[in-house]
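Chain A is the first sequence line, chain B the second, and so forth, proteins listed ahead of strands; every chain is numbered from 1. What you see is a predicted model; the values in this text were computed from it and never measured.
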Amino acid sequence: MAVVLLPSLLATEAGGRGSFELDVDTVGDALRALPVAPLLFDEGGELRRLVNVYVDGTDVRFGDGLATRLADTATVRVVGAVAGG
Amino acid sequence: MAVTLPIGTRKGLFLLRGDESRRRWEVDGPVLTGWSVYHAIVDPRSGALCACTNNWVYGASFHRSDDGGGETWERTEQLGLPEGGDLKLNATWHVEPGRDSELWLGGDPGVLFRSEDGGKTWELNRGLFDHPTRDRWQPGAGGMCCHSVQVVDSSLYVAISAAGAFRSEDGGETWTPINSNVAADFMPEKYPEVGQCVHKLLAHSEDAGRLWQQNHCGVYRSDNRGDSWERLDGNGLPSGFGFPLALDPSDPDVAFVIPEESAENRVTSHGRLGVYRTADGGSTWQLWSNGLPDRAWAAVLREGFASDAEGVYFGTQSGSVWAARRAEGEWFEAARDLPPILSVEAAAG
């Protein structure tokens, strides 16, 4: 089972839950299964521009993006972009 | 009667509770931390707190709380623009109770939504979204925001910066531009059909024909549901430029504005924090500043001004909330050092 970790604002929006264990194949499947999926994706189904996703410490943009496959032991971390100081 | 002011800020929602004197206040909050609350109300029908919530990473949303204190919130389940289109929902700006149980929600880019389930799900208003003049709308400095939604009798009004004001007589199916005589000094054509930069529009609840607007290019009043407008600046106003507007629910000839120097210098006029009041439909305006700091370069945003039967209230971008009972005429600072204030509303209790 992959583990998805959420930042505090998203955890609040998920009913106070910051960690989800999910039996899914890809990053996209994992994010879409979350109760906060509408905050991660825009109405066109695109990941919002300032939402960063890391799988075992690697930004998925440098891999296969949402199609990045998840091992059973994978940790997916959602992080809002940090910019501007 | 006691009053509750939902104060939307750049960093969450605060609730100010004032007693009958409007001099003693308690500050609760913040709640909805992490969200910029562009506008929040207490729905008078249910007592629910309704908030237009925006986050620079996670987008535009809407939250509702039914516990009376904002401790628990439900986020909207469905809110957005049609898939496959060029437009995306950039922000939610204004929530307004409608008829029966309906809620209206204005947003950027110049869009309006309607909910029949208290804000769980929202249906896009296609009449405004597909309006034939949309290609002549343009965003103001705050985006192309639908910031004013008013429901009076059988009429619906919206105002969008910078598209102008529109009226619907068929529940939102179709919308008629109502911008006659309203200037758009920044356009090649000074009086276009659409494209005016309305900063705030309010309809008087007791006089169905009476509308007021604070525009980028002046203060205006209409006596015929927006079919024509009269420009009212001068006559005591230091500037026609400003954002907030408030009315007296018991007297349609009374209005309040907080002018700013100009579009290029968006601070209160003459280095003073001053509310200007008219009691004669805008023919004359008087400065009302008793108790307000006389050396101040403040700014009050378009949603930052509210009134009820007894008082007038506003919040500044520098985090102060000011309140006055109309009968006494003196302003008291209800709170200070809040985050930048985006909206103020007033509710009984």
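Atoms CG and CG, on Asp42(A) and Leu81(B) in that order, are 10.0 Å from each other to the nearest 0.5 Å. One distance of note links NZ of Lys88(B) with CZ of Arg48(A); it measures 9.0 Å at 0.5 Å rounding.
When side chains are defined from C-beta on, Arg75(B) counts as touching Leu39(A), because their heavy atoms get closer than 4.5 Å. Taking the side chain as every heavy atom from C-beta outward, Glu43(A) and Leu89(B) approach each other to under 4.5 Å.
By the ring-ring contact (aromatic ring centres under 6.0 Å, His included) test, Trp35(B) pairs with His63(B), sequence neighbours left out.
Atom CZ of Arg32(A) is surrounded by more than 12 heavy atoms from other residues, nucleotides or ligands within 6.0 Å. Counting non-hydrogen atoms of neighbouring residues, nucleotides and ligands closer than 6.0 angstrom, the CZ atom of Arg136(B) exceeds 12 such neighbours. Remark: Asp100(B) CG is loosely packed, at most 12 non-hydrogen atoms of other residues, nucleotides or ligands lying under 6.0 Å away. The 12-atom threshold is not exceeded at CG of Asp86(B), counting heavy atoms of other residues, nucleotides or ligands nearer than 6.0 Å.
Residue Thr33(B) touches chain A through its backbone alone, counting heavy-atom pairs closer than 4.5 Å.
The two residues Leu50(A) and Trp56(B) have their closest heavy-atom pair at CD1-O, 3.4 Å. Nearest approach of Tyr58(B) to Pro7(A), heavy atoms of both residues: OH-CG, 3.4 Å.
Along residues 52-65 of chain A, no residue comes nearer than 4.5 angstrom to chain B, judged on non-hydrogen atoms.
Using a distance-only test at 3.5 Å, with no hydrogens or angles considered, no donor-acceptor pair links the side chain of Glu83(B) to the main chain of Gly45(A).
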